[in-house]
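One structure below.
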Amino acid sequence: MPPQKRATRRSPTPPRVVFAEEETGSDDSSSTSGGEEEEEEEEEVVGGDAVTVGEDINGGKSIHEAPVSIKITRRVCKVCKGTGHEAGFRGATYIDCPKKPCFLCKLPGHTTMTCPHRVAMEHGVVPAPRRHSRTPLDYVFERQLRPEIPKIKPAFVVPDQVDCAIIKFHSRRITCLEFHPTKNNVVLSGDKIKILFDIPCFFLLDSKKGQLGIWDYGMLHEKIVYRSIHSCILNNMKFNPVNEDTLFTSSSDGTICCTDLETGIPSILMDLNPDGWHGPANWVMLYGMDTNIERGLVLVADNFGHLYLVDARTRMRSGQSILVHKKGTKVVGLHCNPVHPDLLLSCGNDHFARIWDLRRLEAGSCLESLAHGRVVNSAYFSPLTGTKILTTSQDNRIRVWDSIFGNLERPSREVVHSHDFNRHLTPFKAEWDPKDPSESLVVIGRYISENYNGVALHPIDFIDMSTGQLVAEVMESNITTISPVNKLHPRDDILATGSSRSIFIWRPKEASKPEEEQQGKRFKAFTCGKNEKKSKGKFDDESDDDFGDFIRNSKRSRALKSERKPTQAKQSKSRT
DNA sequence: ATATGATGATACC
DNA sequence: TGGTATCCCTCATA
């Protein structure tokens, strides 16, 4: 029906009517939530009196002579701009645009609501192919390493309850987390572990500084922030393997720093922008980093595809930089094999992960190139034997290669999992559980949300990569932000999560206590940074509120408010 | 309540 | 090959 007719019906003695048609993306679909279909077109009379579109309403000398303006807003899908449907949140449930490929598995024909991977993560997981060829190294592996691997797979321990948290610790999102390599053993309390993480800052050169935060979560209030280690976002950190009181960090300012954790005084190991800013084509940014204790090296990679080796002691570059990924593309990850020190794994924006031999390192000399559908966010050797490879790619798949000595043409398994790239989020990285003797348990945050009792939450997933099964999805109703950074403790059953600017420490639920008691348990949370701008240089005294101000303005409160029907407590979640 | 903005990969010319 | 328009479940703040 043409809109004119309906408009005329509304005003029997019509003044001059001007139509202003406007397409709205309806960003806030939660305000119209409730499940009832909205009318596709809405009409509203702008102002009570007659006005003309385009005329200055306020300046209106002629306000009484002006005709009525009717604004017609045609509701269009904000994703595809089509009509007849709308993408966005309805309460805590996200409705996908049906015209786009599935947001989870990227295949057309269905949405995430009906995607088979959403129901069962292991759907479509290809079993590991049987290997027909064996190399001498395979026999070495069987004889020397296999006996150390227990035959019976132990039950996975999942830290699924928040123990403590620092809210808004950093001024920008967290990019990485690291546990202290030994501190929990050295200190007698047995509880004294340090967490180091960093924050990015803006990419502007003389703007804010890359920060380094240290938190002793055994002593909840003890935390330090070092603010002037880098001038740009801090991308990576590694403890110095020969001196654990010092830490290496790499940054988009093009430097590697070695920082003394007691004093916070950094010393520059390498500076790739010694002459300052000469345009984006010349500014080097460092992303991937790892240490090689056997060779005394720090390895870093830049945004132009190059790898650099630096002698940690003499601070001299070891040889020239080597092109390890497509020229001009970012190398985002480096990992040295924990068992075979000469093997290096790199990954980058050219959609490849590559295995290198440090003894024969030159452009194009990689041992293997592992192809991916999109950018590879991370690539890690398995932590105990170093024989498996785990990668996270922006094509929403986690891949595992079961043996670096086998056929690497195809991954042994691919698991579809939602961890899309979003420029506002730290890229997701699937991380091994360093304590799992079977080297199959992996932790990674989830991008898409699930409706849990009327609250949209983004769980942290524990996946058994040997089967593709989702072992656990961990969430907390107060954490409504996405948690892209996750690290499992090397010795304890502890998970550290970086979500936006906050850090959470998770421990397993106590098996002896009843479930209800544990659910009701509140954890200690400390807020930081509320008044950070007012008192530069150090943190304010923290208030001991559990989560009060964290909940405010959160998606949770929005979801709860907009929920038209009363929340059905037993509804649990939409996923079955 | 709603608007705004920070900013990386990619597709396409 | 380079420049730019586009982006889809962000998040915090004004």
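Within every chain, numbering begins at 1; the chains are lettered A, B, ... in the order of the sequence lines, protein sequences first and strands thereafter.
- Put simply, CG on A:N303 is 16 Å from P on B:dT7, counting in whole angstrom units.
- When only modelled atom types and interatomic distance are considered, A:W356 and A:S365 share no side-chain donor-acceptor pair under 3.5 Å.
- The separation between A:K78 atom NZ and C:dT6 atom C1' is 15 Å, rounded to whole Å.
- Taking 4.0 angstrom as the limit, A:R501 places none of its side-chain polar atoms (N or O) nearer than this to OP1 or OP2 of C:dT10.
- Taking each heavy atom of A:S250 and A:V300 in turn, the nearest pair found is CB-CG1, 4.3 Å.
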Salt bridge (Lys or Arg N to Asp or Glu O under 4.0 Å) evaluation trace for A:K106 with A:D420
CA-CA 10 Å; A:K106 306 302 176 197; A:D420 279 85; 2.7 Å; yes

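- Separation of the C1' atoms belonging to C:dC9 and B:dA11 is 23 Å when rounded to the nearest angstrom.
- Picking from B:dG8, C:dC9, C:dC11 the nucleotide with the shortest atom distance to the side chain of A:R423 gives B:dG8.
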For nucleotides 10-13 of chain B, print each protein N/O atom paired with a nucleotide N/O atom at under 3.5 Å, atom names and distance only.
none

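- Atoms CZ (A:F103) and P (C:dC7) sit 13 Å apart, rounded to a whole Å.
- In this structure, a donor-acceptor pair under 3.5 Å is absent between the side chains of A:N303 and A:Y287.
- Results of the side-chain hydrogen bond (donor to acceptor under 3.5 Å, both in side chains) test with A:N377 over A:H419, A:K429, A:Q394 single out A:Q394 as the only residue that passes.
- For A:I174 and C:dT10, the CD1 to P distance is 18 Å, given to the nearest whole Å.
- Qualifying side-chain hydrogen bond (donor to acceptor under 3.5 Å, both in side chains) partners for A:D350, counting only residues two or more places apart in sequence or in other chains: A:H325, A:R354.
- Distance CG (A:L457) to P (C:dC11): 12 Å, rounded to an integer number of Å.
- Within 4.0 Å of A:S418, counting heavy atoms only, lies no atom of the nucleic acid at all.
- Here the nucleotide nearest the side chain of A:Y94, chosen from B:dG8, C:dC9, C:dC7, is C:dC9.
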Pair A:R118-A:E450, side-chain contact (heavy atoms from CB on, under 4.5 Å): steps then yes or no
CA-CA 10 Å; A:R118 185 151 183 168; A:E450 204 75 55; 3.1 Å; yes

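- Considering all non-hydrogen atoms of both residues, A:F103 and A:N396 come closest at O-ND2, 3.2 Å.
- For the pair A:I389 and A:V400, the minimum side-chain heavy-atom distance is 4.5 Å or more.
- Between A:S500 and C:dA12 there is a side-chain N or O to OP1 or OP2 distance below 4.0 Å.
- The distance from atom CG of A:D395 to atom P of C:dC8 is 20 Å, rounded to the nearest whole Å.
- Taking atom CG of A:D420 as the reference point, atom C1' of C:dC8 lies 8 Å away to the nearest angstrom.
- For B:dA9, the OP1/OP2 oxygens have a side-chain nitrogen or oxygen of A:K330 closer than 4.0 Å.
- Pairs of Watson-Crick or G-U wobble type, with distances under 3.5 Å, assemble into runs of 3 or more in DNA chain B at these ranges: B:2-6 with C:10-14, B:8-13 with C:2-7.
- In this entry the distance linking CE of A:M113 with C1' of C:dC9 reads 11 Å, nearest Å.
- For the pair A:V376 and A:T391, the tightest heavy-atom approach, listed with the atom from each and the gap, is CG1-CB, 4.1 Å.
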